[in-house]
Protein chains: 2
Amino acid sequence: MANSRPMAVSRAAPRAQPARKEAAPAAESGPLQLGELSELLGYQFKRTQLRIFEDFIRCVASLQLTPAQFSVLVLLEKNPGRNQTEIASTLGILRPNFVSMLDGLESRKLCERIRSPHDRRSHQVMLTEKGHSILARAKRLVAAKHESRLNALLGDADRAALLRILDKLSAF
Amino acid sequence: MANSRPMAVSRAAPRAQPARKEAAPAAESGPLQLGELSELLGYQFKRTQLRIFEDFIRCVASLQLTPAQFSVLVLLEKNPGRNQTEIASTLGILRPNFVSMLDGLESRKLCERIRSPHDRRSHQVMLTEKGHSILARAKRLVAAKHESRLNALLGDADRAALLRILDKLSAF
DNA sequence: TATTGTTATACTCTATAACTATA
DNA sequence: TATAGTTATAGAGTATAACAATA
């Protein structure tokens, strides 16, 4: 999990040019220049997303839940009785890969599969009492440690702006 | 690469409650409710980032460059002669994993490793002429197809706001 | 002794094909 | 025949330990 903490993705100190020289020869030491990566949305998105997930994992470490597992539990809570195909596809998880994921959650008694009486091919998936309880605790940890830290850094205005922009990007 | 195109992460149509009933029983059909995932920055970040990378890959498909390979080429252009450890760590890539990545680029004659005369343990990595050329073409494709599509969707103001917020989040 | 590049390895994610049981 | 869940499998991506050459 602990990767080599990479540089600060800083936009600062653009290193003044030697005035006359063309094609700046690049520094021979010190931090590297990111060049156009600084303004490449995909690059910045990826790096930021990794940091956010790292923090999420750290914040709910006591409950041993990954971001993906958390997202499944949230979906089960809000949509009890839906089948595996529906849950998986909503989260962008391929059905074959969702099987072992559910196995993990079910073996921990956080959710259960129940053969649907209406269509015996499918499973109605739902949280157990323990699943509800763990999810509630996870939400509290996320709100108190993870989201609050993000909010403190961003401020209410930028957090709202970010969510609005992310929503806009859902059409991308 | 082509995953099951997941739902629209929409924030719309919150499904009016039946007025008196408590604990809304959740829809029995139709799209699932995302619940608190709608406002979970990490979740929205991840989904958006995947879409952005998919588009990037599609846009530079003719040059067969992944986002990671592109980022290496950009870094080599701006920082010629740096060693593998420096390049890799700047991009958050672990040194062992960077070896095969460089092998791939070098076998395509896009870059070359040169034993440093000052420290014969290390390699000075630099773009070849072909590497410069491919990178220039890649940048044009990214600007003309990828970034322009993002900009069209976001608008200048939101693009700038997003980059500013991402920069703020680099301290996270 | 410490560092650079490297190999080997393992674990997670993601992706596709194909099977079974139901419909 | 089509669909839900499943198995098997393959390929990325990511992580750690350890080795040879060099400092």
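Letters A, B, ... mirror the listed sequences (proteins, then strands); counts begin at 1.
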Atom [atom1] of [X] and atom [atom2] of [N]: how far apart are they, to the nearest Å?
X	N	atom1	atom2	result
B/Ile87	C/dT4	CD1	P	13 Å
B/Arg95	D/dA21	CZ	P	22 Å
B/Leu102	C/dG5	CG	P	9 Å
A/Ile114	D/dG5	CD1	P	13 Å
B/Gln84	C/dT7	CD	P	10 Å
B/Asp103	C/dT6	CG	P	7 Å
B/Glu54	D/dA12	CD	C1'	15 Å
A/Ile93	D/dT6	CD1	P	14 Å

Would you say a side-chain N or O of [X] is under 4.0 Å from OP1 or OP2 of [N]?
X	N	result
A/Arg120	C/dT22	yes
A/Arg113	D/dT6	yes
A/Thr85	D/dG5	yes

Parallel, tilted or perpendicular: ring planes of A/Phe45 versus B/Phe45, cut at 30 and 60 degrees: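 The rings of A/Phe45 and B/Phe45 sit tilted, inter-plane angle from 30° to 60°.
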For the side chain of [X], counting heavy atoms from C-beta on, which of [options] is nearest?
X	options	answer
B/Asn83	C/dT7, C/dG5, D/dT6	C/dG5
B/Leu94	D/dA15, D/dG5, C/dT7	D/dA15
A/Pro96	D/dT6, C/dG5, C/dT14	D/dT6

Cationic N near anionic O, under 4.0 Å, B/Asp167 to B/Arg164: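 No salt bridge links B/Asp167 with B/Arg164.
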Position toward the 5' end of DNA chain C (nearest nucleotide), A/Thr66 or A/Arg121: A/Thr66
Other residues, nucleotides, ligands: >12 heavy atoms within 6.0 Å of B/Lys168 NZ: yes
Nearest-nucleotide comparison on DNA chain D, the residue closer to the 5′ end among B/Asn97 and A/His123: A/His123
Any donor-acceptor pair under 3.5 Å from B/Asn79 side chain to B/Leu75 backbone: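 Yes: the side chain of B/Asn79 pairs with the backbone of B/Leu75.
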Short side-chain to backbone donor-acceptor contact, A/Ser122 and A/Ser116, under 3.5 Å: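 Side chain of A/Ser122 to backbone of A/Ser116: no pair is present.
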Touch class at under 4.0 angstrom, heavy-atom based, for A/Asp119 against every strand present: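 Sugar-phosphate only.
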